[in-house]
Q: 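I'd like to ask some things about the structure below.
Counting convention: from 1, in listed order, for ligands and their atoms alike. Computed from heavy atoms alone, side chains included, the values below leave out hydrogens, waters and symmetry copies.
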Amino acid sequence: MKSFHIITFGCQMNEHDSERMTGILEARGYSSASRAGDADMVILNTCSIREKAEQKFFSELGRLKELKTARPDIKIAVAGCIAQQEGANILSRAPYVDMVFGPSDIARLSDMIDIRLSQSLPLIDTAGDPQYHLKRLPTSRTDRIKAWVSIMYGCDNFCSYCVVPYLRGRERSRLPKDIVNEVRELAQKGYKEVTLLGQNVNSYGKGLEEGSDFPMLLRLINDIPDIERIRFVTSHPRDLSHELIAAIRDLPKVCEALHLPVQSGSDKILNAMNRQYTREEYLNKVTELRRAVPEIALTTDIIVGFPGEMEQDFEMTMKLLEEVRYDNIFAFKYSKRPGTAALKLSGHVQDQVKEKRLTQVLALQKTITGENNKKYAGTIMEVLIDGYSKKGGKLAGRTRGNKVVNVDAPDTLIGSLVHVNITAAGVNSLSGMICE
Ligand code: SAM
Ligand code: SF4
């Protein structure tokens, strides 16, 4: 029996694409190897959202050269966004690579392997499959309680810093009935939580029949028995509609947690980023959301050091964090990406300035998160126990607001919804005792 090992870089979409590749390979009779050195085929599922992710991939690829020299029969494949971006260029840098294919070519993985095995030349296929979004692929999920479900692929937004629309193509939504069937099957297998995935889930439904929008999809999934929680990422603030806010408020299974990337607090920078909303419009949506769902946990993405970001623009971002008081943020230094509009902008910011600003936003957010979390101490929260705590010795789970909670409890509770009396609240996690 042949074996494979997949190394995944980047976001949840890539993690989920790796689950699909695993499903296809297992259906082909391959088994999963825990180390690259033990496998007959190694797949690197790559990310090119920032330069750092790209560097990580190339150093991993460099390490695999030794393996290929020692075992020339091993097959090395490069998948994902760098494969799509670089295509044949990967072979000029690493001639020992056997296969290069993009994110929308995954459905043909088994055929591509057959072709590669029948020829001596490497195989490069980044053409993409126009029907990819309509296909249901075998999927081998790593988690038994929480599942990712793609509802759409690609992005039409062209934020000026971002490579996604170039590498993952235009927005294509899966059919509601296919998504519902997949979630039903997950419920039958015992899954309790689904996270609906897309670059901009709020605009789900483009190109589908009238009325097929994201709030409708949430309602359909909310009706599926045995699924206890519904989450989704990512929401573009421009497309956060009144109807979606009402759906979050009214549908009991939709968790009170929203990742709403703002990127910057300065209108000048938001405009240069082509984000299509102003600071005020964003803040108005946050106000409406909190009015409708007061307990909602909000998280965001921030880019510091975007071209043209002056000290006063950065200050606007810091002020926005103080005003919104997010539950958490993901902050990044602006990274130049090939083919994007922002590359041509003037006023590129020095790396040491970006570094300083990154440190400042992270420090501010750490204080805010710590202060926010204190309010949970002494309360009782619903927690879905999903495994073991990072430090070991305890079980861990998540609240509806997606906070990590560590509890002393028997393993038999993994997969259960429990109520926890929160006794301590730190920056990274809460802890407590199960209520009788
Ligand atoms: N579609 C989502 C959205 O609109 O926010 C997520 C896109 S991306 C996978 C996740 C985050 O990476 C973005 O929200 C942005 O903050 C960050 N990002 C994207 N391109 C970047 C770049 N060139 N430099 C730094 N950060 C970047
Ligand atoms: Fe990239 Fe913007 Fe699309 Fe998100 S919405 S994937 S940041 S282009």
Q: Answer yes or no: does an N/O atom from Arg337 fall short of 3.5 Å to an N/O atom of ligand 1?
A: no
Q: Any idea how Phe232 and Phe214 line up, ring-wise: parallel (<30°), tilted (30 to 60°), or perpendicular (>60°)?
A: perpendicular
Q: Tell me which protein heavy atom sits closest to atom 6 (S) of ligand 2, plus the residue, atom name and distance to 0.1 Å.
A: Gln199 OE1, 3.4 Å
Q: Could you establish whether Lys333 and ligand 1 come within less than 4.0 Å of each other, counting only heavy atoms on the residue side?
A: yes
Q: Indicate yes or no: does an N/O atom of His236 lie under 3.5 Å from an N/O atom of ligand 1?
A: no
Q: Give the residue, atom name and distance (to 0.1 Å) of the protein heavy atom nearest atom 17 (C) of ligand 1.
A: Arg50 NH1, 3.2 Å
Q: For Val254, which of Leu244, Val293, Ile230 qualifies under side chain to side chain contact (heavy atoms under 4.5 Å, CB included)?
A: Ile230
Q: So which heavy atom in the protein is nearest atom 2 (Fe) of ligand 2, and how far is it from that ligand atom?
A: Cys159 SG, 2.3 Å
Q: If I take every N, O or S atom of Cys155, is at least one of them less than 2.8 Å from atom 1 (Fe) of ligand 2?
A: no
Q: Do me a favour and list the nearest non-hydrogen protein atom to atom 3 (C) of ligand 1 with residue, atom name and distance?
A: Thr234 CG2, 3.8 Å
Q: Is there a donor-acceptor pair under 3.5 Å between the side chain of Ser173 and the backbone N or O of Gly205?
A: yes
Q: Identify the closest protein heavy atom to atom 7 (S) of ligand 2: which residue and atom is it, and at what distance?
A: Tyr161 OH, 3.4 Å
Q: Residue-level breakdown please: for Phe158 versus ligand 2, do any non-hydrogen atoms fall below 4.0 Å on the side chain, on the backbone, on both, or on neither?
A: backbone
Q: Using heavy-atom distances, let me know which of His259, Gln12, Gln263 sits nearest atom 16 (O) of ligand 1.
A: Gln263
Q: Among His133, Arg20, Met13, which residue satisfies the side chain to side chain contact (heavy atoms under 4.5 Å, CB included) criterion with Ser150?
A: Arg20
Q: Starting from atom 24 (N) of ligand 1, find the nearest protein heavy-atom neighbour and note its residue, name and distance.
A: Ser335 N, 3.0 Å
Q: Measure the distance from atom 5 (S) of ligand 2 to every protein heavy atom, then report the residue, atom name and distance (to 0.1 Å) of the closest one.
A: Asn157 ND2, 3.4 Å
Q: Does some non-hydrogen atom of Arg275 fall short of 4.0 Å from ligand 1?
A: yes
Q: Do me a favour and list the nearest non-hydrogen protein atom to atom 10 (C) of ligand 1 with residue, atom name and distance?
A: Asp301 OD2, 3.7 Å
Q: Using heavy atoms and a 4.0 Å limit, tell me yes or no: is Val164 in contact with ligand 1?
A: no
Q: With rounding to the nearest 0.5 angstrom, report the CD1 to CE distance, Ile43 to Met99.
A: 7.0 Å
Q: Testing the basics here: between Ala36 and Leu64, what is the closest heavy-atom pair and its distance to 0.1 Å?
A: CB-CD2, 4.2 Å
Q: Between Pro261 and ligand 2, find which residue part has any heavy-atom pair under 4.0 Å and reply side chain, backbone, both or neither.
A: neither
